[in-house]
Amino acid sequence: MNVFAELQDRIGLILKGLIDNGQLPAGLDLSRFVVEPPRDPSHGDLATNAAMVYAKEAKPGFSSPRELATTLAYTLAGDPDVDQAEVAGPGFINIRLHPHVFADVLRASLSDDSYGRPAVRDERAVNVEYVSANPTGPMHVGHGRGAVFGDALANLLAFSGRKVTREYYINDAGAQVDVLARSAFLRYREALGESIGEIPEGLYPGDYLKPAGAALAKAHGAALRDKPEAEWLPLVRAFAIDAMMEMIRTDLAAMNIRHEVFFSERSLTQGDAGEDHVRAVIEDLRARGIVYVGHLAPPKGQLPDDWEDREQTLFRSTDFGDDVDRPLIKSDGGYTYFASDIAYHKSKVDRGFDDMIDVWGADHGGYVKRMQAAVKAVSGGRASLDVKLCQLVKLMRNGEPVTMSKRAGTFVTLRDVVDEVGVDAVRFMMLFRKNDATLEFDLAKVIEQSRENPVFYVQYAHARCKSVIRQAKAVFADLDTSAATLSTADFTLLTDEGEAGLAKMIAQFPRQIDAAAAAHEPHRVAFYLHDLASSLHSHWNRGKDQPHLRFVNEERRDLTSARVAMVSSLTRVFASGLGVLGVSAPDEMR
RNA sequence: GAUCCCAUAGCUCAGCUGGAUAGAGCAACUGCCUUCUAAGCAGUAGGUCACAGGUUCGAAUCCUGUUGGGAUCGCCA
């Protein structure tokens with residue numbers, strides 16, 4: 001139950017009535033106005049700008065926004081849920097709802113777990129691709145941000161009804177996995193007892209490859225050692241990639257992140273029957289005139305040292321909104337990463353996804369236009385791709401940047417951070433920020449200074465609610481706190497302004513979910529929960545000076561029932577919201 | 001040279017897709033624990049929303065330009 005959406009619908013119907021009467025012109029876009037909580041709560045429960053939005057089109061029939069607003073307000077006042085509708089300022093309509101509406105909201109929130117989900121579900125499939133870290137080593141904190149963001153976004157979309165597939169693209173085809181193979185081979189020789197000395201420049205020096213080397217030694221003995229590279233490389237490469245992916249999967253699992261699909265880049269050029277999907281896409285696009293052979297102008301400004309004018313195979317991305325056409329085939333004859341990526345996204349389209357979201361690091365920002373161009377091209381303009389860029393994470397400790405160097409061994413992995421501060425703190429902190437703003441993550445503050453820490457603030461609010469329910473049961477031993485019974489409580493007893501405020505906040509949950517899902521911005525849920533927690537703590541403390549406001553009142557069983565019902569509703573909203581973020585909602589925090 | 005992102009209180013950040021008097025937290029100052037968890041609350045102070053134009057009944061929000069910071073710029077991924 002979303003009171004904002006319902007009022008939006010009703011106002012839409014009123015406008016439609018005016019159109020049918022000829023008082024408003026036909027063809028008005030009825031989705032342009034909004035219904036939102038007014039900035040100043042004394043103005044009412046809801047406000048709409050409808051009259052101002054349509055003032056211009058309403059001109060002949062209504063001479064001013066206020067005149068249209070007056071007509072709308074008059075009709076709205078007849079709605080059984082509306083207590084008062086008045087025109088204010090330049091043409092706002094401030095609406096006060098009957099208290100029974102908020103009682104309905106509380107009952108709805110208690111009835112089942114669907115509270116917060118939209119009434120009309122959009123059940124179309126959506127593919128969310130995130131993490132996709134190269135399988136060449138452990139994930140760092142930057143990967144973690146994309147991982148948490150993508151996971152929460154997937155949760156959010158699933159919560160609002162979408163059919164979500166979580167996908168990971170394994171970059172197992174480039175030169176970097178050959179480097180990985182050579183690095184693992186060195187560790188293999190080491191495991192056989194050879195002294196390998198310093199890891200040569202250009203190979204991965206990390207200790208994390210030692211287990212893979214040891215496992216290779218165990219599986220193959222010395223059999224690989226004296227073979228030429230061409231013979232052992234594919235085998236060692238596949239083995240090392242598996243080992244790295246296993247490590248990555250384990251680290252993701254430690255953050256409660258699980259993907260349904262792991263898609264191998266290599267499988268694009270080497271399908272099960274040896275088919276080459278990249279070539280197929282290129283040929284298809286060539287046949288349609290979207291791929292051609294031509295020259296590219298050198299980039300302006302700083303010219304690369306090794307620039308030479310060359311004829312190459314190009315994708316006509318400028319036809320689809322990109323700045324320049326993009327090469328598909330490298331000078332050595334291999335496919336560019338972009339070529340593979342076109343085939344990859346075509347695979348998503350072929351698998352039925354017209355709606356795709358990719359979560360990338362900010363360093364890939366320059367890649368967005370061409371990928372969107374490619375999606376348009378391979379889907380005939382049908383499919384859409386939204387790319388969410390996650391900005392950098394600045395890792396700090398007590399206000400000092402943590403220096404990271406793989407060579408010096410001071411590299412901090414994502415796993416290190418999770419182990420140090422816990423999953424909940426990592427996830428919440430990464431979501432308590434817009435994805436396109438850089439994030440300062442202070443390891444010390446996140447655990448030490450709990451006052452400064454929004455994670456605990458919100459979790460504490462949930463625990464407090466749970467505590468109230470425990471207290472109520474301690475006082476009224478036979479109090480039935482099941483949702484079914486609490487729904488029958490007398491909500492008209494909740495007359496205090498703090499209680500009303502909490503009910504209004506609860507009523508906003510579905511709206512916040514809607515907005516966050518539509519904008520692909522899970523951080524809005526985190527901020528909403530923080531606000532909700534603030535309202536709860538504030539009301540709670542009023543009970544100090546005014547004991548009659550405490551949730552549990554030993555002399556008033558009926559009142560306690562109604563308040564516990566509201567508190568129970570709060571626990572559900574906190575639990576649902578935190579669930580979307582993938583953060584736990586503890587019953588107590590001792 | 002081009003593209004993308006960012007610029008809001010001393011610091012870290014929100015600002016609900018253009019609405020009414022711009023909000024939190026931290027830091028500073030003043031209060032509140034014999035009472036449901038003080039990991040909390042109430043209050044004071046702090047702003048030319050980088051700058052200049054434009055669109056609009058109305059702009060922190062949209063457009064153009066400028067400045068500053070970050071990222072990227074045929075064959076890496």
Side-chain angles (χ1 to χ4, degrees), chain A residues 34 36-40 43 47 49 52-53 55-56 64-65 88-92 94 132 134 136 171 173-176 265 296-302 304 306-310 312 314 322-327 329-332 334 336-338 340-341 361-369 389 391-392 399 432-434 436-440 442 445 449-454 456-457 459-461 463-464 467-472 474-475 508 511-512 514-516 518-519 521 523-524 527-528 530-531 533-534 536-545 547 550-553 588-590:
Chain A
V34 296
E36 56 187 5
R39 188 189 300 280
D40 184 346
H43 289 156
N49 60 357
M52 288 178 290
V53 169
K56 201 169 263 174
S64 72
F92 288 104
N94 290 326
S132 300
N134 284 345
T136 55
N171 297 130
Q176 84 282 357
E265 178 185 1
L296 218 48
K300 291 182 179 163
Q302 263 192 326
D306 54 349
W307 173 268
E308 52 177 305
D309 190 32
R310 242 201 11 258
Q312 45 190 349
L314 296 165
D322 199 3
D323 308 305
V324 287
D325 291 341
R326 305 290 179 176
I329 299 186
K330 296 191 282 189
S331 52
D332 67 0
T336 61
Y337 185 77
F338 179 51
S340 301
D341 236 345
D363 54 340
H364 289 66
Y367 206 75
V368 174
K369 280 187 186 176
L389 297 176
Q391 275 294 341
L392 305 176
F432 204 57
R433 196 113 319 172
K434 279 182 303 201
D436 50 11
T438 53
L439 166 66
E440 262 185 40
D442 195 309
K445 282 184 182 170
Q449 262 290 18
S450 18
R451 290 221 317 280
E452 214 174 298
N453 190 328
F456 293 124
Y457 186 81
Q459 288 183 319
Y460 180 42
R464 239 182 189 172
S467 164
V468 168
I469 297 171
R470 284 194 297 271
Q471 287 294 331
V475 171
Q508 277 206 52
R511 185 173 165 273
Q512 296 290 346
D514 269 4
E521 288 180 348
H523 78 273
R524 294 193 195 195
F527 279 94
Y528 165 75
H530 195 261
D531 280 353
S534 173
L536 172 76
H537 292 315
S538 176
H539 182 64
W540 170 285
N541 274 76
R542 294 178 66 220
K544 267 193 180 2
D545 297 333
R550 292 178 197 169
F551 294 111
V552 179
N553 186 326
E588 53 181 351
M589 302 185 70
R590 292 283 176 191

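Please read all numbers here as calculations on a predicted model, not as lab measurements. The chains referred to below are lettered A, B, ... by the order of the sequence lines, with proteins before strands, and numbering in each begins at 1.
- The shortest distance between the side-chain N/O atoms of A:K434 and the OP1/OP2 oxygens of B:C6 is not below 4.0 Å.
- For A:H530, the side-chain contact (heavy atoms from CB on, under 4.5 Å) partners are A:F432, A:P454, A:Y457, A:V458, not counting sequence neighbours.
- Across all strands shown, B:A2 is found opposite B:U72 as a Watson-Crick or G-U wobble partner, with both distances under 3.5 Å.
- Counting non-hydrogen atoms under 4.0 angstrom, A:A461 reaches nothing in the nucleic acid.
- Residue-level contact check: A:A519 touches the bases, meaning some heavy atom is under 4.0 Å from a base atom.
- Looking at heavy-atom distances under 4.0 Å, A:N49 makes contact with a base.
- Along RNA chain B, the nucleotide closest to A:V34 and the one closest to A:P38 are compared, and the more 5′ of them pairs with A:V34.
- Using a 4.0 Å cut-off, no side-chain N or O of A:T336 falls inside it from OP1 or OP2 of B:C76.
- Backbone-only contact: A:T438 has heavy atoms under 4.0 Å from sugar-phosphate atoms and none from a base.
- Taking the side chain of A:D323 as heavy atoms from C-beta on, and the options B:A22, B:U3, B:C41, the nearest nucleotide is B:U3.
- Note on A:E588: a base of the nucleic acid sits closer than 4.0 angstrom, heavy atoms only.
- Residue contacts for A:R542: at a heavy-atom cut-off of 4.0 Å it reaches no nucleic acid atom on any strand shown.
- Aromatic stacking is not marked for A:W540 over B:G40, as the cut-offs of 5.5 Å for the centres and 30° for the planes do not both hold.
- Candidate nucleotides B:A39, B:G19, B:U3 were compared by shortest atom distance to the side chain of A:E36, and B:G19 ranks first.
- Applying the 90° cutoff around 0 to the glycosidic angle, B:U17 is assigned syn.
- Counting atom types as modelled, A:R464 pairs no side-chain N or O with a base atom of B:C36 as donor and acceptor under 3.5 Å.
- No engagement by A:G89 is indicated, since no non-hydrogen atom pair under 4.0 Å with the nucleic acid exists.
- Side-chain nitrogen and oxygen atoms of A:Y457 include at least one within less than 4.0 Å of the OP1 or OP2 phosphate oxygen of B:C41.
- Across all strands shown, the partner of B:U64 is B:A52, judged by Watson-Crick or G-U wobble contacts whose two distances both fall under 3.5 Å.
- At a threshold of 4.0 angstrom between heavy atoms, the contacts of A:H523 are confined to the sugar-phosphate backbone, with no base atom among them.
- Across all strands shown, B:G40 forms a Watson-Crick or G-U wobble pair, both distances under 3.5 Å, with B:C32.
- For B:C49, the base adopts the anti conformation, since its glycosidic angle falls more than 90 degrees from zero.
- Look at A:K330 and you'll find a side-chain N or O under 4.0 angstrom from OP1 or OP2 of B:C76.
- Remark: ring of A:H43 stacked against base of B:A20; centroid gap under 5.5 Å, plane tilt under 30°.
- Pairing partner, B:U21: none, since no Watson-Crick or wobble contact has both distances short of 3.5 Å.
- Note on A:R326: nothing from the nucleic acid sits closer than 4.0 angstrom, heavy atoms only.
- A:S331 comes within 4.0 angstrom of a nucleotide base, judged by non-hydrogen atoms across all strands.
- Within 4.0 Å (heavy atoms only), A:N94 reaches at least one base atom of the nucleic acid.
- Contact annotation for A:Y367: base contact, defined as any heavy-atom pair under 4.0 Å involving a base atom.
- Among the atoms of the strands shown, only primed sugar atoms or phosphate atoms (P, OP1, OP2) are found under 4.0 Å from some heavy atom of A:P327.
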